[in-house]
Protein chains: 2
Amino acid sequence: MKLTKGFEQAACIIVLLATQDPNIPLTSLEINKRLKCSPTYLRKIIRKLVVSKLVNSVSGNNGGFTLATSAENINLLQVVEALEGPIETFSDTELISEVFKEFPFITDHGTAILKNAFAQADQLWRDSLKKKTVHQLIKEAVGDEKVSLYNWNHSAEKRDLLIRKVMNSIHGND
Amino acid sequence: MKLTKGFEQAACIIVLLATQDPNIPLTSLEINKRLKCSPTYLRKIIRKLVVSKLVNSVSGNNGGFTLATSAENINLLQVVEALEGPIETFSDTELISEVFKEFPFITDHGTAILKNAFAQADQLWRDSLKKKTVHQLIKEAVGDEKVSLYNWNHSAEKRDLLIRKVMNSIHGND
DNA sequence: GATGGCCTACTCGGATAATGCATGTCCGAGTATCAGCGG
DNA sequence: CCGCTGATACTCGGACATGCATTATCCGAGTAGGCCATC
């Protein structure tokens with residue numbers, strides 16, 4: 001009954017993208033510079049966010065990922081369910097029906113009653129997380145600081161590459 | 001983010017014990033006659049219930065398990081936490097602090113904010129389950145039927161054994 | 001016949017393997033850029 | 001000098017291994033009852 005470790009990564013990714021200039025996609029490699037974790041697994045996480053329509057991906061050169069919508073429109077529940085699928089803590093395996101099969105009045109309702117109890121609890125949990133938007137949380141985190149956009153792409157390598165290309169275009173291939 | 005399969009077994013065990021004459025302990029083998037699952041694993045489940053003080057165990061001949069308290073005093077949350085330990089859906093691995101270490105105003109609060117968000121949601125979930133007592137659920141399941149005590153121990157083998165012993169005591173060892 | 005001690009059979013309890021899912025890795029698919037060629 | 005074409009380098013995307021947690025198993029510890037010898 002814990003969220004997977006991947007969720008914490010997803011949360012960080014969302015925050016990074018939320019503070020990234022949406023015109024400049026962020027590559028998984030750049031994200032990986034900050035999240036020191038398996039680069040390929042990171043992509044799997046991001047992929048889930050893409051499938052869930054929280055993040056856009058663009059292939060090819062200068063491609064990468066951007067937030068699919070504004071941070072105001074993304075809440076924690078969406079991030080959780082992007083990774084974990086629909087949350088249903090109690091998974092019924094018909095065990096109760098089997099155990100009490102001689103007692104029809106239990107078989108008929110027993111499982112449903114337990115399911116409902118957990119469904120109610122789950123609903124409360126979901127509703128609580130639904131109210132927390134990413135934007136709201138970021139603002140809460142930075143406090144009085146203004147929430148500004150960064151370009152996390154500006155890593156040393158990228159800059160060097162850019163400079164080299166500019167030099168080339170000026171001096172020709174040398 | 002699912003409860004383990006073991007929980008469903010635990011729920012059945014609790015219900016069985018709740019409808020069992022508390023003077024007659026129920027052996028794990030007897031329980032296993034109904035819950036067609038790994039007998040030894042079943043014991044591990046029951047063990048957790050014992051450790052959590054929901055169930056009493058008595059060793060030795062004619063031993064077994066009984067409910068430690070009345071079904072009115074047992075709620076779903078207790079059963080869940082007996083198996084899964086304290087429920088905390090978001091497990092912090094300091095990832096956020098690491099990712100945003102250059103931004104002290106995030107590092108300081110960021111993780112706490114996320115933790116709190118989930119702590120709130122978890123609390124609602126727990127409270128909801130805490131309200132559902134086992135007795136209440138059983139009554140709901142059986143509807144108008146009276147909740148009566150069974151002795152689930154009355155299996156064919158036990159009865160046969162008993163008869164054999166009685167015969168022996170009458171006729172001597174033959 | 002009553003009583004005490006021993007013994008056996010039965011119970012639970014914790015250390016030890018096997019399976020399933022989350023995690024981690026690899027190679028292929030697709031696309032925007034860039035260079036070269038032709039007009 | 002401009003536009004087209006092809007190659008290329010870079011990106012994401014899905015099929016293939018690994019590790020840890022849940023699930024399953026085995027053997028040992030402890031206890032209650034029964035049998036037998038003794039008084």
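Quick note on labels: first sequence line is chain A, next is B, and so on, each numbered from 1.
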task = Spell out, yes or no, whether A/Leu35 and A/Val50 are grouped together once hydrophobic residues are joined by side-chain heavy atoms under 4.5 Å, including indirect joins.
result = yes
query = Are A/Val58 and A/Leu54 connected in a single hydrophobic cluster, I mean Ile/Leu/Val/Met/Phe/Trp/Tyr linked by side-chain heavy atoms less than 4.5 Å apart?
reply = no
request  = Would you confirm whether B/Arg126, through its side chain, and B/Leu77, through its main-chain N or O, come within 3.5 Å as a donor-acceptor pair?
outcome  = no
query = Nearest-Å distance, NZ (A/Lys5) to P (D/dG19)?
reply = 13 Å
query = Going hydrophobic residue to hydrophobic residue with side-chain gaps under 4.5 angstrom, can you get from B/Leu29 over to B/Leu17?
reply = no
note = Testing D/dC12, C/dG24, C/dT25 for proximity to the side chain of A/Gln9, the answer is C/dG24
key: Integer-rounded Å distance: C/dG24 P and A/Lys36 NZ   = 16 Å
request  = Take the protein atom CG of A/Leu3 and the nucleotide atom P of C/dA22, then report the distance between them rounded to whole Å.
outcome  = 12 Å
query = Are more than 12 heavy atoms from other residues, nucleotides or ligands located less than 6.0 Å from atom NZ of B/Lys130?
reply = no
Length of the CD1-P vector between A/Ile13 and D/dC12, whole Å = 12 Å
query = Between residues 78-101 of chain B and DNA chain C, which residues have a heavy-atom gap below 4.0 Å?
reply = none
B/Leu49/B/Ile13 under side-chain contact (heavy atoms from CB on, under 4.5 Å): CA gap, chis, key distance, verdict = CA-CA 9 Å; B/Leu49 295 174; B/Ile13 293 165; 4.1 Å; yes
Under-4.0 Å side-chain N/O to phosphate OP1/OP2 contact, B/Ser38 with D/dT25 = yes
note = Scanning both residues in full, the closest heavy-atom pair of B/Ala117 with A/Leu76 reads CB-CD1, 3.7 Å
Gap between atoms CG and P, on A/Asn32 and D/dC12 respectively (whole Å) = 11 Å
task = Would you kindly give the CG-to-P distance between A/Asn62 and D/dC12, to the nearest whole Å?
result = 11 Å
task = Would you kindly say whether B/Glu8 and A/Thr93 are connected by a side-chain donor-acceptor distance under 3.5 Å?
result = yes
message = Quick check against the 3.5 Å criterion: does B/Trp152 have a side-chain atom that pairs as donor or acceptor with the backbone of B/Ile31?
response = no
query = Where the side chain of B/Ser28 is concerned, which of C/dC12, C/dT33, C/dT23 is the nearest nucleotide?
reply = C/dC12
ask   = Is there a donor-acceptor pair under 3.5 Å between the side chain of A/Asn32 and the backbone N or O of A/Cys37?
value = yes
ask   = For DNA chain D, what residues of residues 40-47 of chain B have any heavy atom nearer than 4.0 Å?
value = B/Thr40, B/Tyr41, B/Lys44
request  = Verify the cluster assignment for A/Ile96 and B/Val142: are they in a single hydrophobic cluster under the rule of side-chain heavy atoms below 4.5 Å apart?
outcome  = yes
task = Give, ordered by number, those residues of residues 50-61 of chain B having at least one heavy-atom distance below 4.0 Å to an atom of DNA chain C; if nothing qualifies, reply none.
result = B/Ser57, B/Val58, B/Ser59, B/Gly60, B/Asn61
request  = Whole angstrom is fine here: how far is it from NZ in A/Lys48 over to C1' in D/dC12?
outcome  = 17 Å
note = Between A/Met1 and A/Gly64, the residue closer to the 5' end of DNA chain D by nearest nucleotide is A/Gly64
